[in-house]
Amino acid sequence: MEFQSLFAKLIADYRINARFLPWRTSRDPYQIWVSEVILQQTKVLQGQDYFMTFLRYFPDVFSLADAPEDQVLKVWEGLGYYSRAINMHHSAKFIVEQLKGRFPDDFDGIRKLKGVGDYTAAAISSIAFDLPHAAVDGNVKRVASRLFGIREPIDKPAGVKQITELLNEIIQYYSPGEFNQAIMELGALICTPKNPDCRRCPMQEHCFAFANNLQKSLPVVTPKKKPVNMHIEFLFLESKGKTWLHKRDKNGIWKGLFEFPAKIVNHLSETPPVWMMEFLDNSDVSKVLGHRDYVHKLTHRTIFARFWHLSGKPSNIVKQNQTYTELKTTEISGFPVHRLMLKYLGDNRMI
DNA sequence: AAATCGTGGAC
DNA sequence: TGTCCAAGATT
């Protein structure tokens, strides 16, 4: 089988049955960029609404570059992997200030943008500019592994390299954007991780895994580690309708987002924790209005959180330290916060 | 090379 | 219930 005809059925099938997705209505590289970054490690169903909202707020690279970071994060709120938003914001400024607002139009130029790796650069350059670069995402790795019988683990650089080089050879015989999207669509709808629907697969007659009944053992993936437990306490301090938030720094989880003053602890405290006392004025006897517990599961850790709701006069540490932002309790929803905060605020009827 | 970074849906 | 993992990038 020659490369020119290997994917012919898949391409034909894609032309007929491709899903209608909002980012497929445009070939504006900016919009393709936005969609690809939103879709990193994110399912189509989850990303669609964020894509529409993001473009409503930031319809072009100039509006994104001009926006304050906190507004970009507010639009991104709840989606996760927040460095994506910060990197996009940074790259938008770079495009406007250094490239006169012209989106880079080749692979190397696109690849230089922060938050754009090999996959995203290939996706943008193929879809927006018809350039022959194979976009190797999780779908493509799985499809290629089964189709060609590749036993190299697909979650390691060697496996990705092998697949990328092979598909870069093949993609030149096809329409690049169509080729990449057709394979991703196949992986998303037919050649799924579990229970692939081989009966409906347009690549069935060419598939190594199907011929050898190896769908369950391909691709080879290295086992993941179990999440680590972590305990964290939050202080929701109220005083005369005011409260205080803290903007997380550039390192670690939830970067750039706001949250109540927080501390990582070994064990959750049954009474208001000692560390909270420095946030309260000594002369004031604060009232404990209650606490709420949450278990927040992430890929790599399980967070046991306890929110303490205290009423009392804040200490000078809180009032004079620029680390903390004072705001009206009713205006919390204007700040970008992580999902754990959203849960608490929702359960407290604050949003 | 291996860790880290979120959230949610499917099974 | 727990496990997997998604249109990955960065360090």
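Remember, predicted model here, so these are calculated numbers, not experimental data. Below, chain A is the first sequence line, B the second, and so on; all start at residue 1.
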In Å, rounded to the nearest 0.5 Å, how long is the span from [atom1] of [X] to [atom2] of [Y]?
{"X": "A:T325", "Y": "A:D70", "atom1": "OG1", "atom2": "CG", "answer": "8.5 Å"}
{"X": "A:L189", "Y": "A:D197", "atom1": "CG", "atom2": "CG", "answer": "10.0 Å"}
{"X": "A:Y344", "Y": "A:I332", "atom1": "OH", "atom2": "CD1", "answer": "9.0 Å"}
{"X": "A:K216", "Y": "A:R146", "atom1": "NZ", "atom2": "CZ", "answer": "9.5 Å"}

Should the pair [X]-[Y] be classified as a salt bridge under the 4.0 Å nitrogen-to-oxygen rule?
{"X": "A:K9", "Y": "A:E205", "answer": "yes"}
{"X": "A:D106", "Y": "A:K112", "answer": "no"}
{"X": "A:D118", "Y": "A:R111", "answer": "yes"}
{"X": "A:E69", "Y": "A:K74", "answer": "no"}
{"X": "A:K242", "Y": "A:E238", "answer": "no"}
{"X": "A:E233", "Y": "A:K263", "answer": "no"}

A:Q71 and A:F58: side chain to side chain contact (heavy atoms under 4.5 Å, CB included), yes or no, with the steps? CA-CA 10 Å; A:Q71 188 189 355; A:F58 316 115; 4.2 Å; yes
Atom pair distance, as rounded to whole Å: [atom1] in [X] and [atom2] in [N]:
{"X": "A:L189", "N": "C:dA7", "atom1": "CG", "atom2": "C1'", "value": "12 Å"}
{"X": "A:M184", "N": "C:dG8", "atom1": "CE", "atom2": "C1'", "value": "12 Å"}
{"X": "A:K224", "N": "C:dA6", "atom1": "NZ", "atom2": "C1'", "value": "11 Å"}
{"X": "A:N195", "N": "C:dC5", "atom1": "CG", "atom2": "P", "value": "13 Å"}
{"X": "A:W76", "N": "B:dG6", "atom1": "CH2", "atom2": "P", "value": "12 Å"}
{"X": "A:K225", "N": "B:dT4", "atom1": "NZ", "atom2": "C1'", "value": "9 Å"}
{"X": "A:K43", "N": "B:dC11", "atom1": "NZ", "atom2": "P", "value": "9 Å"}
{"X": "A:D155", "N": "B:dA1", "atom1": "CG", "atom2": "C1'", "value": "12 Å"}

[atom1] gap between [N] and [M], integer Å:
{"N": "B:dG6", "M": "C:dT1", "atom1": "P", "value": "26 Å"}
{"N": "B:dA10", "M": "C:dA7", "atom1": "P", "value": "13 Å"}
{"N": "B:dA1", "M": "C:dA6", "atom1": "C1'", "value": "23 Å"}

Is the side chain of A:D137 donor-acceptor paired with the backbone N or O of A:V140 at a distance under 3.5 Å, no angle test?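 Here the side-chain-to-backbone pair exists.
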Pick out which of A:R248, A:K247, A:H246 makes a side chain to side chain donor-acceptor pair (under 3.5 Å) with A:E259.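 One option only clears the test, and that one is A:R248.
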Before giving the answer on side chain to side chain contact (heavy atoms under 4.5 Å, CB included), spell out for A:E97 and A:K93 the whole-Å C-alpha distance, their side-chain angles and the decisive distance to 0.1 Å. CA-CA 6 Å; A:E97 294 167 8; A:K93 288 180 177 177; 4.0 Å; yes
Assign [X] to base, sugar-phosphate, or nothing according to its heavy-atom contacts below 4.0 angstrom with the strands shown.
{"X": "A:N180", "result": "nothing"}
{"X": "A:K226", "result": "sugar-phosphate"}
{"X": "A:G47", "result": "nothing"}

For A:V44 and for A:V116, find the nucleotide of DNA chain C with the closest heavy atom, then tell me which residue's nucleotide is more 5'.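 Residue closer to the 5' terminus by nearest nucleotide: A:V44.
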Starting at the 5' end of DNA chain C, which residue's closest nucleotide do you reach first, A:D118 or A:Q46?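 Looking at the nearest nucleotide for each, A:Q46 comes out on the 5' side.
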Compare the minimum distances between each of [options] and the side chain of [X], then state the nucleotide with the smallest one.
{"X": "A:K194", "options": "C:dT10, C:dA9, C:dT3", "answer": "C:dT3"}
{"X": "A:Y119", "options": "C:dT10, B:dG8, C:dA9", "answer": "C:dA9"}
{"X": "A:K114", "options": "C:dT10, C:dC5, B:dA2", "answer": "C:dT10"}

Proximity to DNA chain B (any heavy atom under 4.0 Å), residues of residues 78-92 of chain A only: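 A:G78, A:L79, A:G80, A:Y81, A:Y82, in order of number.
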Looking at residues 296-304 of chain A, who's got a heavy atom less than 4.0 Å off DNA chain B?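 Hits under 4.0 Å, by residue number: A:H296, A:K297, A:L298, A:T299, A:H300, A:R301.
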Per the ring-ring contact (aromatic ring centres under 6.0 Å, His included) rule, which among A:F307, A:W308, A:F260 passes with A:F234?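 Of the listed residues A:F307, A:W308, A:F260, the ring-ring contact (aromatic ring centres under 6.0 Å, His included) partner of A:F234 is A:F307.
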Are A:L167 and A:F107 grouped together when hydrophobic residues (ILVMFWY) are joined by side-chain heavy atoms under 4.5 angstrom apart?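 In one cluster with A:L167: A:F107, no.
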Mapping A:P157 and A:T42 to their closest nucleotides on DNA chain B, which lands nearer the 5' end?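 On the 5' side of the pair lies A:P157.
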Tell me, which of [range] have any heavy atom that sits under 4.0 Å from an atom in DNA chain C?
{"range": "residues 10-41 of chain A", "result": "A:R19, A:L21, A:W23, A:R24, A:E36, A:L39, A:Q40, A:Q41"}
{"range": "residues 340-351 of chain A", "result": "none"}
{"range": "residues 121-154 of chain A", "result": "A:D137, A:G138, A:N139, A:R142"}

Using distance only, find each side-chain donor-acceptor pair of residues 220-227 of chain A under 3.5 Å and give its atom names and separation, not counting sequence neighbours.
{"unit_1": "A:T222", "atom_1": "OG1", "unit_2": "A:D155", "atom_2": "OD1", "d": "3.4"}
{"unit_1": "A:T222", "atom_1": "OG1", "unit_2": "A:D155", "atom_2": "OD2", "d": "2.5"}

Considering non-hydrogen atoms only, spot the tightest contact between A:V37 and A:R84 and give its length.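 Of all heavy-atom pairs spanning A:V37 and A:R84, the closest is O-NH1, 3.1 Å.
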